[in-house]
2 protein chains.
Amino acid sequence: MTVRQDIHSAGIPALCQSCEARHRGVCGALDADQLVDLAKTSSRRSIPSGAELVGDAEVVDSYSNVLSGVVKLTKSLSDGRQQIVGLQFAPDFLGRPFKVESAINAEAATEVSLCSFPRTIIERMMKESPALEHRLLKQTLTELDEARDWMVTLGRKTASEKVASFLLMIARNIDPTVDPAARSATFDLPLTRADIADFLGLTIETVSRQLTRLRTDRVIRIDNNRHVTVDSLSRLEQRSGA
Amino acid sequence: MTVRQDIHSAGIPALCQSCEARHRGVCGALDADQLVDLAKTSSRRSIPSGAELVGDAEVVDSYSNVLSGVVKLTKSLSDGRQQIVGLQFAPDFLGRPFKVESAINAEAATEVSLCSFPRTIIERMMKESPALEHRLLKQTLTELDEARDWMVTLGRKTASEKVASFLLMIARNIDPTVDPAARSATFDLPLTRADIADFLGLTIETVSRQLTRLRTDRVIRIDNNRHVTVDSLSRLEQRSGA
DNA sequence: CCGAAACCTTGATTTCCGTCAAGTCTGCTG
DNA sequence: CAGCAGACTTGACGGAAATCAAGGTTTCGG
């Protein structure tokens, strides 16, 4: 608490504000000295929507915390078919430890702000600080759980269930106050129809048709193609296949 | 080396033999004292094919190393649709740290032998030994990579590509000597057609038809519905969608 | 060795979603 | 504000995989 205030009042970028929020970031696991060290070599960057952060088969020399925005992780087949294999929201950690080459592509889905540190620093700190490694293990386990949940959606749900599941997932991630008891929610879609299709293993036409159906059935409203209002979270849940 | 020999010659179950093989097990990360401790509380079990190891929403009080056989991890929708979200081969670690309740089902796909330890022991050792936590982080990252690879298969490949990808994956896991240069491979399918369908997000009929096609195209042979000979790994790779 | 059960294959038919092809809407630039 | 490009929607059509329905194999217990 005091530590963090000191750092921030010293004019060092507020590395950890958002990390704290949902306990998935890196910084919460570090002690005061380490935080100061890290802050010296870290840099905050604002990245426009659509920019590539990490290319496939590219050497990764830095790790980042996502401070705001949404990063999409994609994999492609040789003929161009693409699949989004994960979305990272603030305050997720971005980077694959212990592997120099990236097997996936990371791209800013919205405007994104990142706090990046050199690979070497993080790896050194990981050796020194079991707490940091512990934090990373927890995030990795959470991501594995999410990936496996999504495998059920990809393998076993219908197009209409997939789209409903997607909207629910976004609603819960964008606005974590959407608890199970809430009756409605509002958010901006962080993905285009093409991205949603790549996430769900569908085509953009099918995604569009399903959204239209949800609209005509009065489950959701969409303004300007982006701004979504879920009028009935419970009916959306019913359609998600659970 | 010496340590391990001491333990084994002392009549303590050979916890770590298979762990060593591919460096994904738990034991390699422990020191001599810890290994002896662990061996005292561990038990080796042989489990028949089809037995449930961990039920959904069940409290997990033990962790295990898979010593032989194949364990399937499944998730189900409320209406019974099922998806296999992972397969664990020896010497994988089985168990989800930091979570008392399991969100997935674990079932023996073949006859399985396990080496199990109480939850409390592992968690205590994890606190004491950063090396163990490091080992777990690495396995978890590997599983995450595998899950993401499989998401591409589920979301973007055709039925025929899915079946080819599956056969290749099994060939590489059952017999790790199948290197890229090999031209053929032989193995027993660890899964029934129904399991394969649940793994690939298909129906058993579609799986069966695709296997038949691979057979008539002379890419594979199948004896007794189980014993597979891949005559041309390269042609199988071509059909896997890469 | 027989019979039953579980597992697998094959064929006919249906359905959902992908493909192709116009349009419409939104936001941006000059 | 006009015009344009990119993103989205909608419709008609076709095809891949699901569903429905038999029939064939393998395995296992008696």
Side-chain angles (χ1 to χ4, degrees), chain A residues 48-50 72 77 79-83 109-111 153-167 188-217 220-228 239 241, chain B residues 48-51 72 77 79-83 107 109-111 153-167 188-217 220-228 239 241:
Chain A
S49 172
K72 59 182 188 191
L77 298 176
D79 62 2
R81 282 174 288 176
Q82 205 176 47
Q83 175 70 43
T110 63
E111 185 169 302
T153 300
L154 286 173
R156 288 303 183 197
K157 290 190 186 173
T158 65
S160 126
E161 290 168 336
K162 284 179 178 181
V163 171
S165 303
F166 170 77
L167 291 174
D188 280 352
L189 279 178
L191 301 184
T192 65
R193 303 293 187 272
D195 284 339
I196 299 173
D198 280 347
F199 194 50
L200 296 173
L202 298 171
T203 60
I204 56 175
E205 293 94 333
T206 300
V207 170
S208 179
R209 278 186 251 272
Q210 295 303 332
L211 287 174
T212 300
R213 203 148 77 82
L214 287 172
R215 226 170 333 128
T216 59
D217 292 355
I220 61 171
R221 276 171 291 162
I222 306 183
D223 299 316
N224 296 338
N225 286 341
R226 281 265 143 142
H227 192 71
V228 175
R239 290 169 187 239
Chain B
S49 170
K72 60 182 189 193
L77 299 175
D79 63 2
R81 281 174 288 177
Q82 206 176 46
Q83 176 68 44
E107 194 177 311
T110 63
E111 185 169 300
T153 300
L154 285 173
R156 288 302 182 197
K157 290 190 185 173
T158 64
S160 125
E161 290 169 336
K162 284 179 178 181
V163 171
S165 304
F166 170 76
L167 291 174
D188 280 351
L189 279 177
L191 301 184
T192 64
R193 303 292 188 274
D195 284 338
I196 299 173
D198 282 347
F199 194 50
L200 296 172
L202 299 171
T203 59
I204 57 174
E205 293 94 330
T206 301
V207 170
S208 179
R209 279 186 249 272
Q210 295 302 333
L211 287 174
T212 300
R213 202 148 78 82
L214 287 172
R215 227 170 331 130
T216 59
D217 292 354
I220 61 171
R221 275 172 291 162
I222 306 183
D223 299 317
N224 293 339
N225 286 339
R226 280 267 145 139
H227 192 70
V228 175
R239 291 169 186 239

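We name chains A, B, ... by the order of the sequence lines, and we start the count at 1 in each one. Excluded from the calculations below are hydrogen atoms, water molecules and symmetry mates; all remaining heavy atoms, backbone and side chain alike, are included.
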Write down the distance between [atom1] ([X]) and [atom2] ([N]), rounded to a whole number of angstrom.
X: B:I222; N: D:dT25; atom1: CD1; atom2: C1'; answer: 14 Å
X: B:R81; N: C:dC16; atom1: CZ; atom2: P; answer: 13 Å
X: B:Q82; N: D:dA18; atom1: CD; atom2: C1'; answer: 18 Å
X: A:D223; N: C:dC25; atom1: CG; atom2: P; answer: 15 Å
X: A:N225; N: C:dC25; atom1: CG; atom2: C1'; answer: 7 Å
X: A:D188; N: D:dA7; atom1: CG; atom2: C1'; answer: 16 Å
X: A:L189; N: D:dC8; atom1: CG; atom2: P; answer: 9 Å
X: A:L191; N: D:dC8; atom1: CG; atom2: C1'; answer: 15 Å

Phosphate OP1/OP2 of [N]: any [X] side-chain N/O under 4.0 Å:
X: A:R215; N: D:dT9; result: yes
X: A:R193; N: D:dA7; result: no
X: B:T192; N: C:dC7; result: no
X: B:T206; N: D:dA16; result: no

Checklist entry - Considering only side-chain heavy atoms of B:T212, which listed nucleotide, C:dT9, C:dT26, D:dT26, is closest? => result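 Side chain of B:T212 sits closest to C:dT9.
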Next on the checklist: The side chain of A:S208 is closest to which nucleotide in this list: D:dT9, D:dC8, C:dT19?
Outcome noted: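 Within the option list, the nearest is D:dT9.
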Testing the basics here: between [X] and [Y], what is the closest heavy-atom pair and its distance to 0.1 Å?
X: A:K162; Y: A:T153; result: CE-O, 3.3 Å
X: A:S49; Y: A:A109; result: OG-O, 3.2 Å
X: A:R193; Y: A:L211; result: NE-CD1, 3.4 Å

With a 4.5 Å cut-off on side-chain heavy atoms, are [Y] and [X] touching?
X: B:R239; Y: B:L214; answer: yes
X: A:F166; Y: A:V207; answer: no
X: A:R156; Y: B:D198; answer: yes
X: A:L200; Y: A:K157; answer: no
X: B:L189; Y: B:I196; answer: yes

Checklist entry - Which part of the nucleic acid, if any, lies within reach of B:G50 when heavy atoms closer than 4.0 Å are counted: base, sugar-phosphate only, or nothing? => result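 Nothing, no nucleic acid heavy atom in range.
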Next on the checklist: Counting the atoms with a prime plus P, OP1 and OP2 as sugar-phosphate, which does A:L202 contact under 4.0 Å by heavy atoms, base, sugar-phosphate, or nothing?
Outcome noted: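 A:L202: backbone/sugar contact only, no base atoms under 4.0 Å.
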Checklist entry - Want to settle it: does A:G201 or B:I204 sit nearer the 5' end of DNA chain C, counting the closest nucleotide to each? => result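 Comparing both residues, the 5'-ward one is B:I204.
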Classify the side chain of [X] and the base of [N] as holding, or not holding, a donor-acceptor pair under 3.5 Å.
X: A:R213; N: D:dT9; result: no
X: A:R226; N: C:dG27; result: no
X: A:E205; N: C:dC20; result: yes

Next on the checklist: Other residues, nucleotides and ligands only: do more than 12 of their heavy atoms fall within 6.0 Å of CZ on A:R213?
Outcome noted: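 Open: at most 12 neighbouring heavy atoms sit under 6.0 Å from CZ of A:R213.
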Next on the checklist: Which residues in residues 153-164 of chain A have a heavy atom closer than 4.0 Å to any atom of DNA chain D?
Outcome noted: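 Within residues 153-164 of chain A, no residue comes under 4.0 Å of DNA chain D.
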Checklist entry - Yes or no on side-chain contact (heavy atoms from CB on, under 4.5 Å) for B:L202 and B:Q210, after CA distance, side-chain angles and deciding distance? => result CA-CA 11 Å; B:L202 299 171; B:Q210 295 302 333; 5.7 Å; no
Item to check | Global bending angle along the helix from C:dC1-D:dG30 to C:dG30-D:dC1, which compares the axes of five pairs at either end, to 10 degrees | outcome: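 The value is 40°.
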